[in-house]
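Scope of the values below: all heavy atoms of this structure, side chains included, with no hydrogens, waters or symmetry mates.
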Amino acid sequence: QVQLVESGGGLVQAGASLRLSCAPSGRTFRPNVMGWFRQAPGKEREFVAGINWSGGVTSYADSVKGRFTISRDNAKNTVYLQMNSLRSEDTAVYYCAAKKAGSLIGPYDYWGQGTQVTVSS
């Protein structure tokens, strides 16, 4: 069973930074496309960022461009989301997503359980 495991969430003040990490629980699954979504209370899940295998192609939601950076380390089979200049509106549960191929925006086939990011102001 494919499992994606996120880590790195937490409670921070506005302006602070966090780095989220995500990796399949095993080394067998090596998805070409990985991404991050988030869901705030009372809102639908929204796309945040996506990345291809090489890391040469990325996509970001307008709300996070210039602040968030998605990257991956294939040797570690891990994808990261560096989140800088965090704002209260970034507060959400962040979900890691993966798939074999396709658009970076979605849809995705595999999901993690989510990690809470709370930004106080």
Side-chain angles (χ1 to χ4, degrees):
Q1 185 178 21
V2 175
Q3 296 184 69
L4 302 179
V5 182
E6 305 102 333
S7 63
L11 173 62
V12 298
Q13 291 184 282
S17 297
L18 283 174
R19 189 178 74 159
L20 307 183
S21 300
C22 171
S25 59
R27 292 186 176 184
T28 301
F29 184 56
R30 298 272 183 165
N32 287 328
V33 178
M34 298 190 72
W36 291 94
F37 287 71
R38 67 186 183 186
Q39 186 168 25
K43 297 184 178 180
E44 295 185 352
R45 187 174 300 186
E46 64 175 352
F47 171 79
V48 175
I51 190 168
N52 73 337
W53 175 257
S54 68
V57 181
T58 58
S59 182
Y60 296 93
D62 288 341
S63 60
V64 306
K65 287 181 179 177
R67 298 188 298 119
F68 291 9
T69 302
I70 187 170
S71 62
R72 66 192 298 171
D73 184 342
N74 291 334
K76 298 180 179 179
N77 200 23
T78 300
V79 65
Y80 305 95
L81 184 67
Q82 179 65 46
M83 309 164 68
N84 297 328
S85 301
L86 283 164
R87 306 164 180 169
S88 59
E89 52 262 42
D90 295 318
T91 295
V93 176
Y94 283 71
Y95 296 91
C96 179
K99 62 182 178 182
K100 296 179 181 179
S103 171
L104 302 187
I105 300 174
Y108 283 80
D109 300 318
Y110 305 98
W111 298 87
Q113 294 298 307
T115 184
Q116 177 70 47
V117 172
T118 302
V119 184
S120 63
S121 61

Exercise. Would Ile105 and Trp36 show up in the same hydrophobic cluster when neighbours are defined by side-chain heavy atoms closer than 4.5 Å?
Worked result: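 Looking at the clustering, Trp36 is in a separate group from Ile105.
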
Problem set entry | Connected via hydrophobic side-chain network under 4.5 Å: Val117 and Phe47 |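 In one cluster: no.
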
For this session: Decide whether a cation-pi geometry holds between Arg19 and Tyr80; the criteria are a distance under 6.0 Å from NZ or CZ to the six-membered ring centre and an angle within 45° of the ring axis.
Result: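 Yes, a cation-pi geometry holds between Arg19 and Tyr80.
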
If you measure from [atom1] on [X] to [atom2] on [Y], what distance do you get to the nearest 0.5 Å?
| X | Y | atom1 | atom2 | value |
| --- | --- | --- | --- | --- |
| Asn52 | Ser59 | CG | OG | 11.0 Å |
| Met34 | Arg30 | CE | CZ | 10.5 Å |
| Leu81 | Phe37 | CG | CZ | 12.0 Å |
| Gln82 | Ile70 | CD | CD1 | 12.0 Å |
| Thr78 | Leu20 | OG1 | CG | 12.5 Å |
| Phe29 | Lys100 | CZ | NZ | 7.0 Å |

Please name the pair of heavy atoms, one in [X] and one in [Y], separated by the smallest distance, quoted to 0.1 Å.
| X | Y | answer |
| --- | --- | --- |
| Ala49 | Tyr60 | CB-CD2, 3.7 Å |
| Arg72 | Asn32 | NH1-O, 2.9 Å |
| Cys96 | Val79 | SG-CG1, 4.0 Å |
| Asn84 | Ser17 | OD1-OG, 2.8 Å |
| Tyr108 | Ala98 | CD2-N, 3.4 Å |

Any side-chain to backbone donor/acceptor pair from [X] onto [Y]? Under 3.5 Å, distance only.
| X | Y | answer |
| --- | --- | --- |
| Thr58 | Ile51 | no |
| Arg38 | Thr91 | no |
| Asn77 | Thr28 | no |
| Gln113 | Glu6 | no |

For this session: Check the angle between the aromatic planes of Tyr94 and Phe68 and answer parallel, tilted or perpendicular using the 30° and 60° thresholds.
Result: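 Ring orientation of Tyr94 relative to Phe68: tilted.
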
Problem set entry | SB check Lys65 Asp62 (cutoff 4.0 Å) |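 The answer is yes: the pair qualifies as a salt bridge.
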
